[in-house]
Q: 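Next up is a structure, given as structure tokens.
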Amino acid sequence: YLTPALMKGLNDLDPYVKKTAVIACIKLFHVKKRNIDAMNNYIDILYSLIRDPDSIVSTNSIMALDEILQEEGGIAINSKMMIYLLNRIKEFNEYGQSVILELVSRYSPRSENELLDIMNVLDERLKHSSSSIVLGCVKIFLNFTKDHPTIHKQVYERIQSPLITMMTSGEVTGSYELAYIVLSHIHFIVSRGGNEYFEKEYKHFYCRTDEPSYIRHLKLEILKWIACEQTLGDIMNELGEYVTDVDQETARKSIQALGGIALRISKVSAGIIKQLCTFLSYTQNHIVNETMMVFQDILRKHRDEYKEMMPMLESAMDHITEADAKVALIWILGEFGAHIDYAPYVLESLVNSLKQGNETVKVKQILLTSCVRLFMHKAPEMVNCVKTLLSMILEDENEDFDLRDRATFYCKAMQSDMNSLQKTLDGVGLGPETLFVEDEETRKEGATLEFNTLSVIFRKPASKFIKSQDAMNEMKSKEQEEIEE
């Protein structure tokens, strides 16, 4: 009884009836257990309804076809359809325009002239007040020009102003959710090769006192990416002000941003390290703890900079209370302990504190490795410490299995071949700088995939948080089986 009524509705003169019948086609598709062969007649009609005079009917037809043909890659778009929709785009409401832009983003221009023509038609859409339409245009521009480096750079220059305007308008009107969405897309762009085009606009990403914390934290991440040698002084001063913010998470994010800049721009790392050293003299535990963790990351790349922090390290130890910060401190002492006079005694005090049973397995693991490593360089000072630590781990039957296994390995290694153990602990193969080299193609690839979707907000592919239709059907089947049982 559904089929005749649906066919009649699709041919009705009233647009309201027609647009409702189009949505009913999706229902029929699922009723027929997603059998596309049974939908051939309806698919042809839906394609014809894309040219319907009513914009809502046209929008619904596109959405219906996209869902019905999902397994085939969605609706098939050709040059004629795209030109027709772009010529009519002003007739559609904001949702309809967003649907068209998403459809056009999947089209591959046949020539550079066609590419430029499409971009010229859509250029005025960048001035629209709807964030969905603006971001949809940005996605098209990025997708179309990914294989044209010169035009791609011009696109970055063109989209910078609309994005910043939309972000600031959201802040001025109090629409922080809108501002967050735009900021997320800006972060997406700057972290994948477009940072140089936002460098001069760095002041737009300074935090304001009346902003929600989630806006401030995202701005700090963006500042990390757009900082350059010319703007570094201003950004360092601004981030330094945030370190004493009453919001501890903002303080931590600002320290992380400084560390990220030091890793990204090696030429300016020395100045940032000096600023970070001053944070070690603060009495707030969260500042000292976060600074210590950032130093661990920096010293992995800039190993010679340990000398700068050594004078401040000893005075900061009383404020290191978090497990990750302790891991960072112990790693630094084990890595550079041969040049630090007090390193054996600090490690010995940490070993003695294990008797209280409050430390995590992660802390014990790095402590064991650092003690053994420092033993290679300062055996007289470390011999009793290493013996105590090994006996504590091996004699405790309730200790973590992996930790006991590691302690056993070190015991046997020290008894058989100390030179091989030292080479293993000192590390071989790739230098530390290699670990921080980013693949340019990998960074830019994401800029043309899943833009203007929740993937940008969640920072993961859609497949990670959206279940497929097959998975949903399987869940429904299991639920039905449980009900019947």
Q: Can you pull out every salt bridge (Lys or Arg N to Asp or Glu O under 4.0 Å) where at least one residue sits in residues 122-134? Sequence neighbours excluded, please.
A: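 Every pair satisfying salt bridge (Lys or Arg N to Asp or Glu O under 4.0 Å) with a residue in residues 122-134: Lys90-Glu124, Asp123-Arg158.
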
Q: Does NZ belonging to Lys153 count more than 12 external heavy atoms closer than 6.0 Å?
A: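 It does not: Lys153 NZ has 12 such atoms or fewer within range.
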
Q: Should the pair Lys19 and Tyr16 be classed as cation-pi, given the thresholds of under 6.0 Å to the six-membered ring centre and 45° from the axis?
A: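 Yes, Lys19 lies over the aromatic ring of Tyr16.
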
Q: Identify the residue among Lys253, Arg252, Gln248, Gln284 that makes a side chain to side chain donor-acceptor pair (under 3.5 Å) with Glu290.
A: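 One option only clears the test, and that one is Arg252.
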
Q: Any carboxylate oxygen within less than 4.0 angstrom of a Lys/Arg side-chain nitrogen, looking at Lys219 and Glu238?
A: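 Between Glu238 and Lys219 there is no salt bridge, as every charged N stays at least 4.0 Å from the carboxylate O atoms.
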
Q: Looking at Arg373 and Glu335, does any basic side-chain N land under 4.0 Å from a carboxylate oxygen?
A: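 Looking at Arg373 and Glu335, the cut-off is met.
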
Q: Where do Ile366 and Ile330 come nearest, in terms of heavy atoms and distance?
A: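 The answer is O-CG2, 3.6 Å.
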
Q: For the atom pair CE (Met81) and OH (Tyr107), what is the distance rounded to the nearest 0.5 Å?
A: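 Going from the CE atom of Met81 to the OH atom of Tyr107 covers 11.5 Å.
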
Q: Quick one: closest heavy-atom pair of Ala251 and Ser254, and the distance?
A: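 Here Ala251 and Ser254 meet closest at O-OG, 2.6 Å.
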
Q: Quick one: does Trp331's side chain get under 4.5 Å of Arg300's, heavy atoms only?
A: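 A side-chain contact exists here, since the closest heavy-atom pair is under 4.5 Å.
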
Q: Between Ser98 (side chain only) and Glu94 (backbone N and O only), is there a donor and an acceptor less than 3.5 Å apart?
A: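 A pair under 3.5 Å: yes.
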
Q: Please tell me whether Ser175 and Thr173 have a donor and an acceptor in their side chains that are separated by less than 3.5 angstrom.
A: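 Result is yes, a qualifying pair exists.
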
Q: Quick one: list whatever passes ring pair (Phe, Tyr, Trp, His ring centres under 6.0 Å) with Tyr282, sequence neighbours left out.
A: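 For Tyr282 the ring pair (Phe, Tyr, Trp, His ring centres under 6.0 Å) partners, ignoring immediate neighbours, are Phe279.
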
Q: Quick one: pull up CD1 in Ile118 and OG in Ser79 and give me the separation to the nearest 0.5 Å.
A: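 Rounded to the nearest 0.5 Å, the CD1-OG separation comes to 7.0 Å.
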
Q: Got a second to check how far Phe188's CZ is from Ser455's OG, nearest 0.5 Å?
A: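 These two atoms lie 8.0 Å from each other.
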
Q: So Ile89 and Val121, do their side chains get closer than 4.5 Å, heavy atoms only?
A: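 No, too far: nothing below the 4.5 Å cut-off.
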
Q: Any ring-ring contact (aromatic ring centres under 6.0 Å, His included) pairs touching residues 289-328, not counting sequence neighbours?
A: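 Counting only pairs at least two positions apart or across chains, the ring-ring contact (aromatic ring centres under 6.0 Å, His included) contacts touching residues 289-328 are Tyr306-Phe336, Tyr306-His339.
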
Q: Can you check side-chain contact (heavy atoms from CB on, under 4.5 Å) on Ile75 and Arg106, steps first, answer last?
A: CA-CA 10 Å; Ile75 182 175; Arg106 305 201 301 248; 3.2 Å; yes

Q: Count the heavy atoms belonging to other residues, nucleotides or ligands that lie under 6.0 Å from CG of Asn237, then report whether that count exceeds 12.
A: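 Enclosed.
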
Q: Please identify each residue that fulfils side chain to side chain contact (heavy atoms under 4.5 Å, CB included) with Ser105, with sequence neighbours left out.
A: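 Scan of Ser105 (side chain to side chain contact (heavy atoms under 4.5 Å, CB included), adjacent residues dropped) gives Glu102, Lys139, Ile140, Asn143.
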
Q: Checking the side chain of Lys326 only, and the main-chain atoms of Leu367 only, is there a donor and an acceptor separated by less than 3.5 Å?
A: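 No, because the side chain of Lys326 does not come within donor-acceptor range (under 3.5 Å) of the backbone of Leu367.
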
Q: Do Asn352 side-chain atoms and Glu348 backbone N/O form a donor-acceptor pair below 3.5 Å?
A: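 Present.
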
Q: Looking at Ala76, is its backbone amide N or carbonyl O close enough to the side chain of Tyr47 to form a donor-acceptor pair, meaning the two atoms are under 3.5 Å apart?
A: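 Pair found, side chain donor or acceptor close to backbone of Ala76.
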
Q: Ignoring hydrogens and geometry, is there a side-chain-to-backbone donor-acceptor pair from Arg459 to Ser184 under 3.5 Å?
A: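 Here the side-chain-to-backbone pair does not exist.
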
Q: More than 12 heavy atoms of other residues, nucleotides or ligands under 6.0 Å from OH of Tyr84: yes or no?
A: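 It does: Tyr84 OH has more than 12 such atoms within range.
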
Q: Around atom CD of Glu241, are there more than 12 heavy atoms of other residues, nucleotides or ligands at under 6.0 Å?
A: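 Check fails, neighbour count at 12 or below.
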
Q: Between Ile186 and Trp225, is the side-chain contact (heavy atoms from CB on, under 4.5 Å) condition met? List the steps.
A: CA-CA 10 Å; Ile186 293 176; Trp225 284 105; over 6 Å; no

Q: Can you confirm whether Val327 sits close enough to Thr360 that some side-chain heavy atom of one is under 4.5 Å from a side-chain heavy atom of the other?
A: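 No, every pair of side-chain atoms sits at 4.5 Å or beyond.
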
Q: Give me the one residue out of Val294, Leu276, Ile235 that meets side-chain contact (heavy atoms from CB on, under 4.5 Å) with Leu258.
A: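 Single side-chain contact (heavy atoms from CB on, under 4.5 Å) partner of Leu258 among Val294, Leu276, Ile235: Leu276.
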
Q: Determine, for Arg216 against Asp245, whether the closest basic-nitrogen to carboxylate-oxygen distance falls under 4.0 angstrom.
A: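 Looking at Arg216 and Asp245, the cut-off is met.
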
Q: Would you say Asp66's side chain and Gly74's backbone share a donor-acceptor pair under 3.5 angstrom?
A: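 Answer holds: no.
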
Q: What I'd like to find out is whether the side chain of Ile68 reaches to under 4.5 Å of the side chain of Leu46, using heavy atoms alone.
A: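 Answer yes - side chains close enough.
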
Q: Could you pull out all residues at least two apart from Tyr342 that satisfy ring pair (Phe, Tyr, Trp, His ring centres under 6.0 Å)?
A: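 Checked Tyr342 against ring pair (Phe, Tyr, Trp, His ring centres under 6.0 Å); zero matches.
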
Q: Would you say that Leu232 contacts Ile265 through its side chain, given a criterion of any heavy-atom pair below 4.5 Å between the two side chains?
A: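 They are not in contact (no side-chain heavy atoms under 4.5 Å apart), so the answer is no.
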
Q: Calculate, to the nearest 0.5 Å, the distance between atoms OG and CD1 belonging to Ser266 and Ile261 respectively.
A: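 Nearest 0.5 Å value for the OG-CD1 distance: 13.0 Å.
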
Q: Within the structure provided, determine whether Leu183 and Tyr214 are in side-chain contact (heavy-atom separation under 4.5 Å).
A: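 Not in contact.
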
Q: Within the side chain of Glu211, is there an N or O that forms a donor-acceptor pair under 3.5 Å with the backbone of Cys207?
A: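 Answer holds: no.
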
Q: Can you give me the closest heavy-atom contact between Gly271 and Met236, atom names plus distance?
A: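 Of all heavy-atom pairs spanning Gly271 and Met236, the closest is O-CE, 3.7 Å.
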
Q: Name the residue from Ile164, Leu163, Thr165, Ile159 that meets the side-chain contact (heavy atoms from CB on, under 4.5 Å) definition with Ser161.
A: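 Per the side-chain contact (heavy atoms from CB on, under 4.5 Å) rule, the option paired with Ser161 is Thr165, out of Ile164, Leu163, Thr165, Ile159.
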
Q: Is a donor from one side chain sitting under 3.5 angstrom from an acceptor on the other, for Thr321 and Asn289?
A: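 The answer is yes; a qualifying pair exists.
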
Q: Can you find a pair of side-chain heavy atoms, one from Ser132 and one from Leu101, that are under 4.5 Å apart?
A: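 Not touching, per the 4.5 Å side-chain cut-off.
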
Q: Any side-chain to backbone donor/acceptor pair from Ser281 onto Cys277? Under 3.5 Å, distance only.
A: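 Not at all, since once roles are kept as given, no pair shorter than 3.5 Å links the two residues.
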
Q: In terms of side-chain heavy atoms, does Tyr156 have a donor or acceptor partner in Gln160 at a distance below 3.5 Å?
A: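 Not at all, the side chains of Tyr156 and Gln160 share no donor-acceptor pair under 3.5 Å.
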
Q: Does some side-chain heavy atom of Ser269 sit less than 4.5 Å from a side-chain heavy atom of Ile298?
A: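 Sidechains of Ser269 and Ile298: no contact.
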
Q: Can you see which heavy atom on Arg406 is nearest to which on Thr369, and at what distance?
A: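 That would be NH1-OG1, 3.8 Å.
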
Q: Using only heavy-atom distances, determine whether the side chains of Asp324 and Gln296 contain a donor-acceptor pair under 3.5 Å.
A: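 Distance-only check fails for Asp324 and Gln296.
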
Q: Set out, in order, the CA-CA distance, both residues' side-chain angles and the distance that settles side-chain contact (heavy atoms from CB on, under 4.5 Å) for Ile215 and Glu171, then state yes or no.
A: CA-CA 10 Å; Ile215 295 287; Glu171 293 178 332; 4.1 Å; yes

Q: Residues in side chain to side chain contact (heavy atoms under 4.5 Å, CB included) with Asp52, at least two apart?
A: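 Expected list: Lys18, Leu49, Asp54, Val57.
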
Q: Backbone N or O of Phe451 within a donor-acceptor pair of the His185 side chain at under 3.5 Å?
A: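 No, the answer is negative, given that no donor and acceptor are paired below the 3.5 Å cut-off.
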
Q: Kindly determine whether Ile50 and Leu65 satisfy side-chain contact (heavy atoms from CB on, under 4.5 Å), including the steps that lead there.
A: CA-CA 10 Å; Ile50 292 177; Leu65 284 168; 3.8 Å; yes

Q: Minimum heavy-atom separation for Val456 and Asn452, please, with both atom names.
A: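 Scanning both residues completely, I find the closest heavy atoms to be CG2-N, 4.1 Å.
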
Q: Using a 3.5 Å distance criterion without hydrogens, assess whether the side chain of Glu359 forms a donor-acceptor pair with backbone atoms of Leu354.
A: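 Not a single qualifying donor-acceptor pair exists.
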
Q: Within this structure, what is the CD1-CD distance for the pair Ile272 and Glu305, rounded to the nearest 0.5 Å?
A: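 These two atoms lie 11.0 Å from each other.
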
Q: To the nearest 0.5 Å, tell me how far Leu223 CG sits from Phe205 CZ.
A: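 Atom-to-atom, Leu223:CG and Phe205:CZ are 7.5 Å apart.
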
